[in-house]
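As the structure lists them, so they are numbered: ligands from 1, and atoms in each ligand from 1. Scope of the values below: all heavy atoms of this structure, side chains included, with no hydrogens, waters or symmetry mates.
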Amino acid sequence: MKIIEHFIEGKHYSGNSKKFSPVYNPATGEETAKVKLGNSEDLNKAVDISKNAFLTWSNTPPIQRARVLFKFKELIEKNEDELIKIIVSEHGKVYEDAKGSLIRGLEVVEYACGIPQMLKGEFTENVGKNVDSWSLRQPLGVCAGITPFNFPAMVPMWMFPMAIACGNTFILKPSEKDPSCSIKLAELFNEAGLPKGVFNIVNGDKEVVDAIISNKNISAVSFVGSTPIAKYIYENCAKNEKRVQALGGAKNHCVVMPDCDLDQAVNGLMGAAYGSAGERCMAQSVAVAVGNVGDQLVKNLKTKVETLKVGPGMDKNSEMGPLITKEHLAKVKGYVDIGVKEGAELVVDGRNLKLQGYEKGYFMGGCLFDKVKKDMKIYKEEIFGPVLSVVRAENFDEALALVNNHEYGNGVSIFTRDGDVGRTFSNKAKIGMVGINIPIPVPMAFHSFGGWKRSLFGDQHMHGPEGVRFYTKLKTITSRWPDGLKSDPEFIMPTMK
Ligand code: NAD
């Protein structure tokens, strides 16, 4: 059985913990590897090494750091097929979707290659007579990232290329469900010439996470995962005086206005609700049908959901792969049972799908609910599976109120041909990422990614300009050189008045 170890100081490291967690191929249900679950000793070792590597890396000119990132980008491109296959084999998503997620991560590396430009700072000559002042951003030290299972390449790459480009060293704790992609990325970064100890991986579960939180030598923590854990990370990192950004769960709405291009809305919803089996934090799990559009919307969706091609991720014909684990599959099916009991109308039932040759895989078909009400559990909670709920709203105001009163605020979109409606919606929605006729409004690498409300605890979004701010501290220097003129003691606040 393959053992997935940690990656510390440029090499694989087995550590001294005896705990393991199984890694499965979700399409077959086969256990393909065991991942080492580290302990605080493993984490502390990685921190000591990272702390030491920081001394040199933080002093390496940004242009030289950028050159390593350029090489890393080339190596990711060269090894693209292998990385995608790793994602498919441990996560289950279909090949082309895995490729898209890898490219979205790669784009952050490309953005990070421009780090010399982003760290230029600001300068003012003569803030006072012969006094100059400038602001610059310096790296924080050792940073850590804790990531979820659903994007084994992209989400870690939201974090570590930015942190490292800014001059920090980084420890990643990937999801124990699909850790191999991170290890491959670390090997490639190493091959690109990244000095040893700048990027380390400690695999594990809560034990390693708690060791990260309590380690005084870690300056900042980036987290992406479910809301209860995000809140735990946020509160406890703050208690331990760390900078923290903790991104949580979601329940993204798609408002379908009666004047929209219905084909565009239906196709958009299909991809956004069922792509990656709904295991995306930007998945659309609620369609809000406004006015009289509901019946036609549900009819068109029904036909498409019934013919959704479910299959293993390596099959070119598959549109949707399996769920991540047997337990998660049972949980998602359980939500469908609850929806039926709550009185929602189950228009398409994918619970009993069986695939010949893949009987042990964690597959289910797409499910579609109509007439879902806002007090139902299936509306309130994140299901994280291929289940779309249609809620009927009489008018735009009612739809907007649904969006704004939900506890989550990650993404939202509206389908309409009315520019004024689109503009008012984007202005009033209490949501971090808004799409107008765009089903999954995930910002590009040079913008920043993040939600509002209980979808993000902390102040800064990920990657883009916010990423640079998160991974650096601002310093402002004010300076005057001796000019030979007489200077007396000053006991008042200096001003230019
Ligand atoms: P999760 O919260 O279970 O796990 C995330 C990370 O936290 C993993 O590395 C895991 O090992 C660790 N963890 C789990 N339980 C812990 C505990 N009790 N104490 C400390 N650490 C713990 O999330 P998941 O199931 O891997 O991922 C799915 C969730 O992530 C969904 O809720 C999804 O919406 C969310 N997500 C959010 C975003 C975003 O940008 N907002 C992006 C991707 C995923």
Engineer: Do any pairs count as a ring-ring contact (aromatic ring centres under 6.0 Å, His included) and have a residue in residues 365-390, sequence neighbours left out, and if so which ones?
Structural biologist: F149-F384, H253-Y379, Y379-H406
Engineer: Can you say whether the rings of Y13 and H6 are parallel (under 30°), tilted (30 to 60°) or perpendicular (over 60°)?
Structural biologist: tilted
Engineer: Would you name the heavy atoms of L368 and V298 that are closest together and state the gap between them?
Structural biologist: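 Minimum heavy-atom separation between L368 and V298: CD2-O, 4.1 Å.
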Engineer: Purely on distance, is any nitrogen or oxygen of T147 under 3.5 Å from one on ligand 1?
Structural biologist: yes
Engineer: Can you tell me which residue and heavy atom of the protein come closest to atom 28 (C) of ligand 1, and the distance to 0.1 Å?
Structural biologist: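 Going atom by atom, the protein heavy atom closest to atom 28 (C) of ligand 1 ends up being F384 CE2, 3.5 Å.
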Engineer: Under 3.5 Å, which donor-acceptor pairs do the side chains of residues 440-449 form with other protein atoms, sequence neighbours left out?
Structural biologist:
unit_1: S448; atom_1: OG; unit_2: H463; atom_2: O; d: 2.7
unit_1: S448; atom_1: OG; unit_2: E466; atom_2: N; d: 3.2

Engineer: Tell me which one of M154, M433, E382, M462 gets a heavy atom nearest to atom 32 (O) of ligand 1.
Structural biologist: E382
Engineer: Around atom 16 (C) of ligand 1, find the nearest protein heavy atom and jot down its residue, atom name and distance.
Structural biologist: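 I find the closest protein heavy atom is I229 CD1, 3.6 Å.
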Engineer: Among F151, F149, F223, which residue places a heavy atom closest to atom 24 (P) of ligand 1?
Structural biologist: F149
Engineer: What I want to know is whether K173 and ligand 1 share at least one N or O pair that is separated by under 3.5 angstrom.
Structural biologist: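 For ligand 1, there is an N or O atom that lies under 3.5 Å from one belonging to K173.
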Engineer: Should W158 be listed as contacting ligand 1, given a heavy-atom distance under 4.0 Å as the test?
Structural biologist: yes
Engineer: Do the side chains of S285 and I383 get nearer than 4.5 Å, heavy atoms only?
Structural biologist: no
Engineer: So which heavy atom in the protein is nearest atom 44 (C) of ligand 1, and how far is it from that ligand atom?
Structural biologist: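 Looking only at protein heavy atoms, the one closest to atom 44 (C) of ligand 1 is N150 OD1, 3.2 Å.
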Engineer: Distance to 0.1 Å, residue and atom name: give those for the protein heavy atom nearest to atom 12 (C) of ligand 1.
Structural biologist: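 Answer for atom 12 (C) of ligand 1: I146 CG2, 4.3 Å.
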Engineer: When you measure from atom 35 (C) of ligand 1 to each heavy atom in G249, P148, G225, which option holds the nearest one?
Structural biologist: G225
Engineer: Do any N/O atoms on S226 end up under 3.5 angstrom from N/O atoms on ligand 1?
Structural biologist: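 Such a contact does occur with ligand 1.
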Engineer: Using distance alone, determine whether C281 and ligand 1 share an N or O pair under 3.5 Å.
Structural biologist: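 It does not: no N or O of C281 is found under 3.5 Å from an N or O of ligand 1.
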Engineer: Which atom names give the shortest non-hydrogen contact between A250 and N410, and what distance separates them?
Structural biologist: CB-CB, 3.6 Å
Engineer: So which heavy atom in the protein is nearest atom 21 (N) of ligand 1, and how far is it from that ligand atom?
Structural biologist: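 Going by distance alone, atom 21 (N) of ligand 1 is nearest to V209 CG2, 3.5 Å.
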Engineer: Ignoring hydrogens, tell whether any protein atom lies closer than 4.0 Å to atom 4 (O) of ligand 1; use the non-hydrogen atoms only.
Structural biologist: no
Engineer: Judged by modelled atom types alone, do N16 and E41 share a side-chain donor-acceptor pair under 3.5 Å?
Structural biologist: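 A donor-acceptor contact under 3.5 Å links the two side chains.
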Engineer: Donor-acceptor check, side chain of T325 to backbone of H328, threshold 3.5 angstrom: yes or no?
Structural biologist: yes
Engineer: Examine E176 against ligand 1 and note whether any of their N/O atoms are separated by less than 3.5 Å.
Structural biologist: yes
Engineer: Tell me, please: is G248 in heavy-atom contact with ligand 1, that is, under 4.0 Å?
Structural biologist: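 Within the 4.0 Å threshold, so yes.
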Engineer: Does any donor atom in the side chain of E207 or S40 lie under 3.5 Å from an acceptor atom in the other side chain?
Structural biologist: no
Engineer: How about N267 and K304: does a side-chain donor come under 3.5 Å of a side-chain acceptor?
Structural biologist: yes
Engineer: Under 4.0 Å, heavy atoms only, figure out whether ligand 1 is touched by the backbone of N410, its side chain, both or neither.
Structural biologist: side chain
Engineer: Tell me, which protein residue and heavy-atom name are nearest atom 19 (N) of ligand 1, and how many Å apart are they?
Structural biologist: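 Checking every protein heavy atom, the shortest distance to atom 19 (N) of ligand 1 gives K206 CG, 3.4 Å.
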Engineer: Mind listing the closest non-hydrogen atom pair of C281 and N252 along with its distance?
Structural biologist: O-ND2, 2.7 Å
Engineer: Is the F170 ring parallel, tilted or perpendicular to the Y471 ring (thresholds 30°, 60°)?
Structural biologist: perpendicular
Engineer: Give the residue, atom name and distance (to 0.1 Å) of the protein heavy atom nearest atom 40 (O) of ligand 1.
Structural biologist: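 Protein heavy atom with the smallest distance to atom 40 (O) of ligand 1: F449 CE2, 3.0 Å.
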